[in-house]
Every structure is written in C-alpha cells, then in structure tokens.
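Below is one structure, written out as structure tokens; the observations come after it.
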Number of protein chains: 2
Amino acid sequence: MAQPTLDIFQVIADPSRREMLRLLSKDSLTINSLAENFDMSRPAVSKHIKILYSAGFISIQDMGRERYCTLKQDAFKELQEWLSYYDKFWASKMKKLETLLNNKAAKK
Amino acid sequence: MAQPTLDIFQVIADPSRREMLRLLSKDSLTINSLAENFDMSRPAVSKHIKILYSAGFISIQDMGRERYCTLKQDAFKELQEWLSYYDKFWASKMKKLETLLNNKAAKK
DNA sequence: TATTTCTGTAACACAAAAGTTACGTATATC
DNA sequence: GATATACGTAACTTTTGTGTTACAGAAATA
C-alpha cells in the first residue's frame, strides 16, 4: 500500500516500460500475458512491473495465482505537474514578448 | 542544427539535468555559471548540456567564448504529446464509468 | 496428493551511464 | 605576443540498470 515512491522520470526512461504502459492502456493484463509481448524473460517483465507499481503507474489486482495490472493515474499526474511548471514558463515568456512588441509599436 | 534526437525520456531521467532545466527557467546561463550550482566537474556539466541540447530541451547562443543556454520548447512538447495520450485514456475511462452508473440508476 | 501453472526473488553477468582527469582550442585581456 | 578564461573532447574508472538462470512458493488441476 505504501509505495516507496521511485523516481517517476527514471521509471519511464525505459522503452520497455513505456511499451507496457501502452499495452495496459488497451487492456488490463496479467504478468504472463504482458510478457508474451516482449522479447525478454518473464522475470525481467516481473521486475519492470514491480518498478511501474512502486512508482504509481499501475495498480495490481490479485486473482488467484494471477496478477492483473491496470493503469493508475497517480504517477501520470505527477508528470503532468512537472510539465505544467514549464507550460507556465512558456506562457509568461510569450506574454513578455508580446508586451515588448506592443511597446515598440507604441513608440513608433 | 540537425539534432540526432535522443530519447527525451532518458534525458530527463537524470536529476541533475532536471535541475539544470529548472535553473534555466529562471535565467539563461553559461556553462560555467550553471556548473557553479552543481557538485560535479565542469566537463560533466558540459556533457549534460550537450545531451539536453541534442534532445531539444535547450538552445545555445555563442557569445564570444561563452555559451548561453536557454530553454527550448520542442522537447517539452514531445513530452506533453506522450502524456496527452494517457489524458485521453483517463477521460474515456471516466466517461465509461459515468455511463455505467447512469445505466444502473435508470434500471432502478 | 502429485503435478502443473503463475508468479517473485536471489545471485550473477554484462552493457550503458555518469563521473573523473588530462588535454586541446578559441576568444578575451594584459 | 603572452596569459587567462570559457569551453569541448578523449580516455578511463566507477556506478547503475537491465538482462539472465536457478530456485521457491502458492494456487489451480489431475
């Protein structure tokens, strides 16, 4: 329940993990059914899943001996927040440029 | 001019590089003035800057023997696009849940 | 109960990333 | 012209990540 909170940026740095997220956006999948899509051993996939889970990208439902992985919004929101900081940066930069141009036009 | 296009996710995975972006959101800085903020050698910073540049996170203006680094929107937009795919995912998921609840209510 | 299936983890190997020092070069300054 | 400054790059070391195989356990199945 208590995620140790891995570095979300580090987590999505791996192309395989991003592909896992993409697959899970189509459907919830078990570890094995996920692994079928990759050219790597099942334990490797299992590790990736653990990482995605720890960072809050997915949740996991235990169904008997199977474990279903589902996308979870938490980590995505964190990324969005990080990006929004720079969104604001661009917005204010544009605004400054705009007023600068307006002033120039006024002085003419 | 022609960026070899590094993996932007890999690029922001490094905490030092993210800190550089944050510093550059405050002000354009030279390599040296950037390096003063970090507990690493100047060549190390120089390498990070090269990576940020190659991925399209910053632009560089040569001023004599100095090089001023400035944030560039390109890579940020790529990240935003990646995230927007999942934004849509969450939106449609919410919608499905909503209609499901509505149907249940109607049957009552 | 014996066996198969689905999974996690430990121990290890290997490749990639990130750091260092030691250099070289171009632009300012004296 | 000699020196100092701002930087890039090459060669190397160290650390981190990602993969593997081998094993163990718990749930289904025979």
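Here is how names work: the chains are called A, B, and so on, in the same order as the sequence lines, proteins then strands, and each is numbered from 1.
Between Lys47(A) and Asp14(A) no salt bridge is recorded (no basic side-chain N to carboxylate O distance below 4.0 Å). Remark: Glu98(B) does not engage Lys95(B) in a salt bridge, criterion side-chain N to carboxylate O under 4.0 Å.
Looking at Lys47(A), its side chain comes within 3.5 Å of the base of dT20(D) through a donor and an acceptor atom.
Nucleotides of DNA chain C with any atom under 4.0 Å from a heavy atom of chain B span, from 5' to 3', dA17(C) to dA28(C).
Note: NE2 (His48(A)) to P (dG17(D)) measures 12 Å, nearest angstrom. We find that OH of Tyr53(B) is positioned 16 Å from P of dC7(D), with the value rounded to whole Å. Across the protein-nucleic acid pair, Glu19(A) atom CD and dT18(D) atom P stand 16 Å apart, rounded to whole Å. Computed from coordinates, the Asp14(B) CG to dG17(D) P distance equals 11 Å when rounded to whole Å. Summarising the geometry, the separation between CG on Leu6(A) and C1' on dT16(D) is reported as 14 Å, rounded to the nearest angstrom. Note: CD1 (Ile49(B)) to C1' (dA6(D)) measures 14 Å, nearest angstrom. As rounded to whole Å, 11 Å separates atom P of dC7(D) from atom CG of Leu29(B).
Take the nearest nucleotide of DNA chain C for Ile31(A) and for Ile51(B): the residue whose nucleotide is more 5' is Ile31(A).
Checked by atom type and distance alone, the side chain of Asp27(B) never pairs as donor or acceptor with a backbone atom of Leu23(B) at under 3.5 Å. A donor-acceptor pair under 3.5 Å links the side-chain atoms of Arg18(A) to the main chain of Ala13(A), judged by distance alone. Side-chain N or O atoms of Ser84(A) include none that pairs as donor or acceptor with a backbone N or O of Asp87(A) at under 3.5 Å. Looking only at distances, a side-chain donor or acceptor of Tyr86(A) sits under 3.5 Å from a matching main-chain atom of Arg22(B). In this structure, the side chain of Arg17(A) does not engage the main chain of His48(A) through any donor-acceptor pair within 3.5 Å.
Counting non-hydrogen atoms of neighbouring residues, nucleotides and ligands closer than 6.0 angstrom, the CG atom of Asp62(A) exceeds 12 such neighbours.
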Inset, instruction - For nucleotides 22-30 of chain D, just jot down a letter per nucleotide in 5' to 3' order: B, S or -, based on protein non-hydrogen atoms under 4.0 Å. - result: B----BS--
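Under the 30°/60° scheme for interplanar angles, the aromatic rings of Phe76(B) and Trp82(A) are found to lie parallel.
An OP1 or OP2 oxygen of dT20(D) is reached within less than 4.0 angstrom by a side-chain nitrogen or oxygen of Ser41(A).
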